[in-house]
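Okay, structure first, notes after.
Bear in mind the structure is a predicted one, so any value in this text is a computation, not a measurement. So you know, we letter chains A, B, ... as the sequences are listed, proteins then strands, and number each from 1.
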Amino acid sequence: MNLADQIRAAWTWLTASAHWSGGEGIPHRLLEHLGYSALALVIAALIALPLGALVGHTGRGGFAVVTVANFARAIPTLGLLLLVVTVTSIGLTPVIIPLIALATPPILVNTYEGVRGVDPDIKDAARGMGMTGTGILLKAEVPVAMPLILLGLRTAAIQVVATATIAAYAGIGGLGRYIVDGLARKDYPSVVGGSVLVVLLAVIVQLAFVGIRRAVVSRGLRN
Amino acid sequence: MTLAAANGGEPLIRWDWIGDHTGQLADLTAHHLKLALLPILFGLIVAIPLGLLCARWRWLYPPTLGVANVLYGLPSLALFMLCIPYFGIGSGGRADFTIIVPLTLFSLSVLVPNVVDGLRSVPDPVRQAATAMGFGTLRRLIQVELPIAVPVVIAGARVAAVSSISLVSVGTLIGNGGLGQLFVDGYSRDFTTPIIVSCVLIIVLALVSDGVLVAAQRLLTPWARRGTR
Amino acid sequence: MIQFDGVTKRYADGTVAVDDLTLQIPTGQITVLVGPSGCGKTTTLRMINRLIEPTSGTITIDGEDVRAQDPARLRRGIGYVIQHAGLFPHRTIVDNIATVPYLLGWDKKKARTTALELMERVGLDTKMAKRYPYQLSGGQQQRVGVARALAADPPVMLMDEPFSAVDPIVRKSLQEEFIRLQSELRKTIAFVTHDIDEAIKLGHTVAVFKVGGVLAQHSTPDELLAEPADDFVREFLGGEKGLKRLRFNRDLDRQDEPGAERQDKPDVEAAER
């Protein structure tokens, strides 16, 4: 089967009306996929944003943060998933844990680097105008670091959306079902179709971040 | 924790298993490295000229970056699948390219932007001085801008290498995942030892590769200010 | 001699950076181009080595039209020093200085020997030869910049605010050494600055530019201080008060150096009296 055939088969699969309704239908799988991704991303952000900002602000523990983040980046997501499934059971937890491990490092490192890298003159001026630690962090450092922080969130979001396909291995839903089940049944149109959907989702996430950037980053910082 | 209990009293790790399987572990590790690092090498070979082209003709960069971003969002498994018809399935020989080609594409999504960013990190006075001393465009790109871009390129190679080493293991789902083979092996037998051992080995490989790249950077760029990156 | 004949630079948006400029930069002398920002002095300088191409008019060096020459080859024969030195961060000091000799295909050993000699000449300890630019102070980097421009012994040097980015004390010592160096080397130098004190101090002649790229006056420092050509020049020199200060400083500079005239200047000023 060459590329053209693959594309044609995937197109037929994607446009078949049977694939667009019910519990196994694309809309439902898409929502599941988004749900796992969003949950993992939110938890990762709750861990990484405050930690990264704090370490960047105080300048203490930076080496530890970068080392741990590099270490976490090296963890094979699939291995962690299968390990957690083996040790506990099939379900949401084994999916969410590896995805959090995947999403945390980019958010953490970018937030840390962003806050740390704020021009010392800006911090100095803020302190000189009478701002205190928290004030400086929230009103000066975080807004100036926002482009980098968003970049970290975007990287994390895209990786999570692409990787949430493995949820199928933990016996739950998401777009990965089309890929994993298709693989098991040698139903390649389903595999390619599912992949196309994941790619589209990743592109949509990218575009969403372009919008978020417009909304959140000061015009003075967009170059 | 009751992890062990959840697994029917079986310990998380059986140390004797490791001793019995050193040969297999060494083979898998070597194969894993090959599958993970050849893509970085190929990636650099493609990304450097591509980045130079994007630096020379700026209009090339936005579309290139767009393609790189899309590549970055692809599920690795899907790309492996797409390559099966061309390179085959299984481990070793031609079938290895089913893994190597997609991982090369992934590495490009990191390396190309880094090459371009690195070339753009060259201070303007330096570029100006080079032109004013009579460097032509090509000579300036290769003798001045590219060497100055090396730290940023290596930073990209570090990220690409670590994620490549981790992603190889996904290949196990189509029967060629280096150390990842042990994931499925352990999972199917409800036996955690091989999963943990291969996870640890993969992490160690990633950290060692990262260390080697850091050392390479120190060696290649003695001129770089210490402490910045 | 560098000769500008009716040179105009007009950008695509209609701004005129240099307007119908006719100017001579005599051989073996320092000609300072001075003026407020936006007066076209840097544009003028950069047209000499074709970093910018004029819209009309001709520029010749010793009678040869610069536009008739290959830009890269032309530039290798013209020394160029800029504000932030623009040293190559990835090359050692000695290799930085030898850049143009390498480009010209000199023997590596000869290029390095020349570079080491130049280090001494510009007042740098040759122990620094193997260091990298980031290990040097701003003043030292600027000296390397000057040495690099001199490396292939070009007859012409273009200097664009070379001493503006260093602190006043370092600037003063760099200026003084520059005067000493020029008295030995006698290059044809076009020197851009926005600092009138520096212009008076260094220039054999000073060309004052107005916004819009118009040459207001070109004369020796003494003539400039004695007879400013118009209100703009008078204003630029700081009005009556400023003129008084500049004349006073000029007298002080003369007293500093025995022999009344600066060593590098007698032939010029004699010729013009």
Using 30° and 60° as the class boundaries, would you call the ring planes of B:Phe42 and B:Phe97 parallel, tilted or perpendicular? parallel
Applying a strict 4.5 Å limit to non-hydrogen atoms, the region of A:Ala74 in contact with chain B is both
Only one of A:Thr163, A:Ile158, A:Ile96, A:Val160 clears side chain to side chain contact (heavy atoms under 4.5 Å, CB included) with A:Ser37; which? A:Val160
Residue selection (most heavy-atom pairs with chain B, distance under 4.5 Å) from A:Leu83, A:Thr155, A:Leu201: A:Leu83
Scored by heavy-atom pairs under 4.5 Å with chain B, the best of A:Gly176, A:Gly79, A:Gly182 is A:Gly79
With a 4.5 angstrom heavy-atom cut-off, is it the side chain or the backbone of B:Ser169 that approaches chain A, or both, or neither? both
Engaged part of A:Ile75 at the chain B interface, taking heavy atoms whose separation is under 4.5 Å: both
What part of B:Thr172 is in contact with chain A, defined as an atom under 4.5 angstrom from a non-hydrogen atom: side chain, backbone, both or neither? side chain
In Å, rounded to the nearest 0.5 Å, how long is the span from CD1 of B:Ile99 to OG of B:Ser76? 9.0 Å
CG-CD distance between A:Leu92 and A:Glu32, expressed to the nearest 0.5 angstrom: 10.5 Å
Checking heavy atoms, do the side chain of B:Leu179, its backbone, both or neither come under 4.5 Å from chain A? neither
CG-CG distance between A:Leu54 and A:Leu49, expressed to the nearest 0.5 angstrom: 12.5 Å
Hey, which of B:Leu82, B:Leu205, B:Ile165, B:Leu79 has the most heavy atom pairs under 4.5 Å with chain A? B:Leu82
Spacing of A:Ile26 atom CD1 and A:Leu31 atom CG [to the nearest 0.5 Å]: 12.0 Å
Proximity breakdown for A:Leu80 and chain B, heavy-atom pairs closer than 4.5 Å: backbone
May I ask you to test the A:Val109-A:Arg73 pair for a side-chain heavy-atom distance under 4.5 Å? yes
So, the part of B:Leu77 with a heavy atom under 4.5 Å from chain A: the answer is side chain
With only heavy atoms counted, which part of B:Asp210 is less than 4.5 Å from chain A, the side chain, the backbone, both or neither? side chain
Is A:Val205 in contact with chain B via its backbone, its side chain, both, or neither, using a 4.5 Å heavy-atom distance? neither
Option that, when pairs with chain B are counted at under 4.5 Å, heavy atom only, ranks first among A:Val191, A:Thr165, A:Val203, A:Val180: A:Val191
Please step through salt bridge (charged side-chain N to carboxylate O under 4.0 Å, His left out) for the pair A:Arg8 and A:Asp5, ending with a clear verdict. CA-CA 5 Å; A:Arg8 210 169 302 127; A:Asp5 291 335; 3.2 Å; yes
Quick one: CZ on A:Arg154 to CD1 on A:Ile107, what's the gap to the nearest 0.5 Å? 13.5 Å
